[in-house]
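Every chain is numbered from 1, with letters handed out A, B, ... down the list of sequences.
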Amino acid sequence: MRDRGQREPLLDIVNLEKSFGESKILKGISLTVHKGEVVVVIGPSGSGKSTWLRCINRLEDFQGGDIRLAGRSVIDPTLDIRKLRAEVGMVFQQQNLFPHMTALQNVTMAPRLILKMPKEQAEREGRELLAKVGLASKESRYPAQLSGGEQQRVGIARSLAMHPLLMLFDEPTSSLDPELVGEVLSVMKQLAEEGMTMIVVTHEMGFAKEVADWVVFIDGGRIVEQNDPDELFSSPQQERTRAFLARYLSNSLRV
Amino acid sequence: MEISFFLESIFALARGASITILLSILSLILGGIVAIVIVMMRLLGGMVLRLIASAVVGILRGTPLLVQLYLVYYGLPQIGVVLQAYTVAIIVLSLYMGAYLSEALRGAIESISYSQIEGAISLGLSRWQALRVVVLPQAIRLTIPPSANQFISMLKESSLVSQIAIMELTLTATWIISWTFRAFETYLLAAAIYLIITTAFTFIAGWLEKRTAIPGTEVRNLDHLDIELNKLENLA
């Protein structure tokens, strides 16, 4: 784990609780993320890890606890929720580019509409971002003319175009064909190396080992264990973590 | 038949046809506006607006166009609202068209995947911005084929306004027959004119659909499907 010192955290999640009707999805999750850190979240499906991520930019409401981004509570009634969402980039599991816009238009739409960026500047930055995700030559393609991996990379560029404070990734490679996973992960790795603050929900343990500052294992709506990736993968402290990793590894070997 | 009267008949039919086209186009444009208003009421309005909108659509689609025309033209004067025949025709045709178009537009909007809207919202767009920038541009494209169908229907159904004495194509033909007693030729000619108009607009609609198609998601027509099915059959 990096030296986390006394710096002001970028994201501070305190005792987050959420229920859908009777069933409690999140049972008090606390987590602190500093600028430039990469946190990988793993856990079985239905563990609440996606829901938890979606609470950060208020795509989901929560009933208890608090989330503070750059010192401000996301449930502060005076906070402009749209501004919050503009400051938090999010990449989803399913590709959700706007099909009637080219790759470049997908990237420039929000900066022009929300940040009121002039067209020339938005397009210049958009082209730089597409080049960064390796799609410089495909700016005028429409989503249906791109592969799943390319679409996901445009999606990353689309989020980056808003100059986000942090990036959330909700299983960004889960819906991709195996041969397309690598290109998306390498873009994410590059982002991490450039110092972007990232929270990544994923099943890609290789990525977690290589890129994460620390790994959080969530099960049953609680953080069961969090640690340095090497520590967590080689010597998990909790029985449930061990069981999950063992099951996960045997599954991936079977494939 | 005298040649001059024949020419006069042709001119009269052409004039009738132009009124048929004009009425249909007007009802398409005004009906389009009605449709957008209805869909906005159903999408963004409160409980009451939603109920009103769906009730209006239900009534307009659930009653015959001819009865609606009679009701407004003959019925409203009884409560003191007297409107000119053209005004009645335009209002009734537009509302009728609007009801059908609103259903087409609603279907199109509902077919846009929620994940795109979520993507837009996560970038910081408001509901209204997401609707305007992401949903409507796609929904309107999807509305082109059903709207074209509805418009072509309207070209024919507008013949009903002959019943409130508007000299469109059908009434013009009837009027010519009252002078010539040549029902067969005249109605045949009128039918041919309808066919030419509807065929022309079918082509225009097809062109428009192709023109506005999103690259990579071009609509597969029956010919494509046939080719694909043949391929699969040959593999089997």
Among B/S115, B/G119, B/S113, who wins on heavy-atom pairs under 4.5 Å with chain A?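 Among B/S115, B/G119, B/S113, the one with the most close pairs to chain A is B/S115.
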
Specify the closest pair of heavy atoms between A/P99 and B/I214, including all atoms of both residues, with the distance to one decimal.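 Closest pair (atom of A/P99, atom of B/I214, distance): O-CG2, 2.9 Å.
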
Search all heavy atoms of A/A144 against all heavy atoms of B/P215 and return the closest pair with its distance.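 Heavy atoms of A/A144 and B/P215 come nearest at CB-O, 4.1 Å.
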
For B/F203, does the CZ atom sit with more than 12 other heavy atoms under 6.0 Å from it, leaving out its own atoms?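 Open.
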
Please say whether more than 12 non-hydrogen atoms of neighbouring residues, nucleotides or ligands are located less than 6.0 Å from CD in A/Q190.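 Check passes, neighbour count above 12.
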
Can you confirm whether [X] sits close enough to [Y] that some side-chain heavy atom of one is under 4.5 Å from a side-chain heavy atom of the other?
X: A/M101; Y: B/V133; answer: yes
X: A/F98; Y: B/P137; answer: no
X: A/N57; Y: B/S122; answer: yes
X: B/R127; Y: A/R82; answer: no

Which atoms of B/S126 are under 4.5 Å from chain A, going by heavy atoms: the side chain, the backbone, both sets, or neither?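 Both parts, backbone and side chain.
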
With a 4.5 angstrom heavy-atom cut-off, is it the side chain or the backbone of B/R132 that approaches chain A, or both, or neither?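 Just the side chain, heavy atoms under 4.5 Å.
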
Is it the backbone or the side chain of [X] that comes under 4.5 Å from a heavy atom of chain B, or both, or neither?
X: A/V91; value: neither
X: A/L97; value: backbone
X: A/R58; value: neither

Could you go through the side-chain contact (heavy atoms from CB on, under 4.5 Å) check for B/E118 and A/R54 one step at a time? CA-CA 11 Å; B/E118 193 171 60; A/R54 293 160 57 85; 2.6 Å; yes

Report the C-alpha separation of A/I114 and B/L123 in whole Å, then their side-chain angles, then the decisive distance to 0.1 Å, and conclude whether the side-chain contact (heavy atoms from CB on, under 4.5 Å) test is met. CA-CA 9 Å; A/I114 311 286; B/L123 287 166; 5.9 Å; no

With a 4.5 Å cut-off on heavy-atom pairs, point out which of A/L113, A/D80, A/V88, A/L168 contacts chain B the most.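 If we count pairs closer than 4.5 Å to chain B, A/L113 comes out on top.
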
Using modelled atom types and a 3.5 Å cut-off, is there a donor and acceptor pairing between side-chain atoms of A/H100 and backbone atoms of B/A213?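 Judged by distance alone, no pair lies under 3.5 Å.
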
